[in-house]
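We name chains A, B, ... by the order of the sequence lines, and we start the count at 1 in each one. Since this is a predicted model, take the numbers as computed values, not measurements.
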Amino acid sequence: MPELPEVETTCRGIAPFVTGKVISEVIVREHRMRQPIPPQLPRILTGQSVYAVTRRAKYLLLQMDHGHLLLHLGMSGSLRIIDKETPPQRHDHVDIVFDEIALRLRDPRRFGMVLWMEIPPLQHPLLRKLGPEPLGDDFSGEYLYRKSIRRSVAIKQFIMNSHIVVGVGNIYASEALFRAGIRPTRAAGRISEKRYVRLAEAIRSVLDEAIRQGGTTLRDFQQQDGRPGYFAQQLEVYGRQGEPCPACGSPIKAVTIGQRSSFFCTKCQR
DNA sequence: AAATTCTCCTGAAGGC
DNA sequence: TGCCTTCAGGAGAATT
């Protein structure tokens, strides 16, 4: 499930292969994504050059001659650089073909998105109201504290809210709260600024470490099989219900918050 | 405005 | 062994 580190790793992984290249063909085998892929997309994209590949939140943006192509990987999406003759497998929905290679989108659950935008991407409704990047300069404990005042929502839901801060998915929310010693069920408005400083640093470090690990497996973007190694990161609490806390040995507890599974140590996190 | 619920989909895991 | 059921989850949309 692509979280921000995987999207960032994907961004860095594909950029060298597609930047400066001209699209020769676009093949859409399955148009039923989160939003249907319009039939005219291949015609629109063919002949355009890719100027840059960037990321905002978990959205990938391919800057083209006449607009931007937005890609979202949803729950199960992945992008690979392949030889353009590589036969598609089940769930390989879109190929963006360049000279000898293609950028191939695979997404079994089809929660992903492929969207052509002719306005400045940051003005698009999907991107306009997003909070700061967790690895950027606008994100801090002081910022989180300021936004949390009088908010009763659970802190885990608060940091997963993309209007507050982008890119914190279910796995890393649990991990960051463990590092910060904050119980995921605690009301956002009942946390001190000092603890928010620690939480912001935890979010930053957990995402940064995951990106560093992903960076070691960039070559995987040329392969067809095998998942990139960014799942390799040691997760301290996520999915470890009943296992001993790495800090104190108490059993890790699982609860559901906002219809999402959450994991924490009842002793280390208050 | 804020909080909550619903929805999309299919692979994986668990039960019998 | 195999079939059936349940679950997970990003995030926009709808609802309260």
Side-chain angles (χ1 to χ4, degrees), chain A residues 1-11 28-37 55-61 70-79 88-94 105-115 117 121-134 144-177 184-191 203 206-207 210 225-227 230-231 235 237-242 252 254-263:
Chain A
M1 48 220 93
E3 296 230 15
L4 183 128
E6 299 178 65
V7 179
E8 175 64 22
T9 302
T10 297
C11 183
V28 178
R29 301 182 192 85
E30 173 61 82
H31 69 276
R32 295 174 302 168
M33 299 291 286
R34 193 168 202 280
Q35 295 182 192
I37 298 175
R55 177 187 64 75
R56 174 73 174 106
K58 292 178 185 170
Y59 297 99
L60 287 168
L61 291 162
L70 174 148
L71 301 172
H72 194 286
L73 301 179
M75 267 293 299
S76 56
S78 62
L79 288 167
Q89 297 184 301
R90 192 155 126 87
H91 307 307
D92 286 344
H93 302 319
V94 179
L105 173 67
R106 175 183 176 80
D107 188 359
R109 296 185 190 177
R110 294 194 274 115
F111 281 11
M113 216 184 308
V114 179
L115 196 61
M117 304 190 308
L122 299 186
Q123 289 178 24
H124 191 278
L126 287 176
L127 305 181
R128 194 166 41 195
K129 295 179 205 161
L130 294 176
E133 291 285 334
L144 279 182
Y145 175 70
R146 188 158 28 88
K147 299 294 272 188
S148 73
I149 291 169
R150 287 185 294 277
R151 298 287 290 266
S152 61
V153 71
I155 183 60
K156 175 157 177 281
Q157 291 176 290
F158 182 69
I159 60 174
M160 289 178 68
N161 180 345
S162 62
H163 297 111
I164 302 299
V165 56
V166 302
V168 182
N170 198 42
I171 294 175
Y172 292 120
S174 277
E175 294 298 308
L177 287 165
T185 50
R186 174 171 285 274
R190 305 291 289 272
I191 297 170
I203 290 170
V206 77
L207 293 175
D225 53 70
R227 287 198 155 278
Y230 32 71
F231 291 122
L235 300 177
V237 291
Y238 184 85
R240 296 188 178 277
Q241 180 178 11
I252 298 295
V255 293
T256 299
I257 303 171
Q259 297 161 314
R260 290 290 179 265
S261 58
S262 314
F263 302 87

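Position along DNA chain C of the nearest nucleotide to A/Phe263 versus A/Gln35 favours A/Phe263 as the more 5'-ward residue. Heavy-atom distances to DNA chain C give each of A/Met75 and A/Leu126 a nearest nucleotide, and the one nearer the 5′ end belongs to A/Met75.
Dashed line: the shortest gap from a side-chain N or O of A/His91 to OP1 or OP2 of B/dG11 is under 4.0 Å. Contact annotation: A/Arg110 side-chain N/O to B/dT10 OP1/OP2 distance is under 4.0 Å.
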Please assess A/His124 against A/Leu115 for the test side-chain contact (heavy atoms from CB on, under 4.5 Å), listing each intermediate value before the final yes or no. CA-CA 11 Å; A/His124 191 278; A/Leu115 196 61; 3.8 Å; yes
Set out, in order, the CA-CA distance, both residues' side-chain angles and the distance that settles side-chain contact (heavy atoms from CB on, under 4.5 Å) for A/Glu133 and A/Arg56, then state yes or no. CA-CA 8 Å; A/Glu133 291 285 334; A/Arg56 174 73 174 106; 2.9 Å; yes
side-chain contact (heavy atoms from CB on, under 4.5 Å) assessment of A/Glu30 paired with A/Arg110: CA-CA 9 Å; A/Glu30 173 61 82; A/Arg110 294 194 274 115; 3.8 Å; yes
side-chain contact (heavy atoms from CB on, under 4.5 Å) between A/Val255 and A/Lys156, worked out: CA-CA 11 Å; A/Val255 293; A/Lys156 175 157 177 281; over 6 Å; no
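Donor-acceptor pairing under 3.5 Å, judged by distance alone, is present between the side chain of A/Arg109 and the base of C/dA8. Counting atom types as modelled, A/Arg260 pairs no side-chain N or O with a base atom of C/dA8 as donor and acceptor under 3.5 Å.
Atom CZ of A/Arg128 and atom P of C/dG12 are 13 Å apart (whole Å). Atom P of nucleotide C/dG12 and atom CG of A/Leu70 are separated by 10 Å, given to the nearest angstrom. Put simply, CD on A/Gln259 is 6 Å from C1' on B/dT5, counting in whole angstrom units. One atom, CD of A/Glu30, and another, P of B/dT10, lie 8 Å apart when rounded to the nearest Å. Atom CE of A/Met33 is separated from atom P of C/dG12 by 15 Å (rounded to the nearest Å). Rounded to an integer number of Å, the gap from CZ of A/Arg34 to C1' of B/dC6 is 12 Å. A/Arg106 places its CZ atom 12 Å from the C1' atom of B/dT10, with the value rounded to the nearest Å. Between A/Glu3 atom CD and C/dA8 atom C1' the separation is 13 Å, expressed in whole Å.
Counting all heavy atoms, side chain and backbone alike, A/Pro2 lies closest to A/Gly77 at CG-O, 3.5 Å.
A heavy-atom distance below 4.5 Å is not found between the side chains of A/Ser78 and A/Leu73. In this structure, A/Leu144 and A/Ile191 have side chains that are not in contact, with every pair of non-hydrogen atoms separated by 4.5 Å or more.
For A/Ser261, the side-chain atoms get nearest to C/dA8 when compared with the rest of B/dG11, B/dT5, C/dA8. Across B/dG11, C/dG10, C/dG12, the shortest atom-to-atom separation from the side chain of A/Tyr59 is found for C/dG12.
Stacking between A/Phe111 and the base of C/dA11 is absent under the criterion of ring centres within 5.5 Å and planes under 30 degrees.
Nucleic acid contact class of A/Leu73 (heavy atoms, under 4.0 Å, all strands): none. Using a 4.0 Å heavy-atom cutoff across all strands shown, A/Arg32 reaches no nucleic acid atom at all.
Between its opening and closing five pairs, the helix from B/dA2-C/dT16 to B/dC16-C/dG2 changes axis direction by 50°, a value rounded to 10 degrees.
Taken to the nearest 0.5 Å, the CZ atom of A/Phe158 stands 4.0 Å off from the CD1 atom of A/Ile164. Atom CG in A/Asn170 sits 4.5 Å away from atom CE in A/Met160 (nearest 0.5 Å). Rounding to the nearest 0.5 Å gives a distance of 5.0 Å between NZ of A/Lys58 and CD of A/Glu3.
For the segment residues 150-168 of chain A, residues with any heavy atom less than 4.0 angstrom from an atom of DNA chain B are, sorted by number, A/Arg151, A/Ser152, A/Val153.
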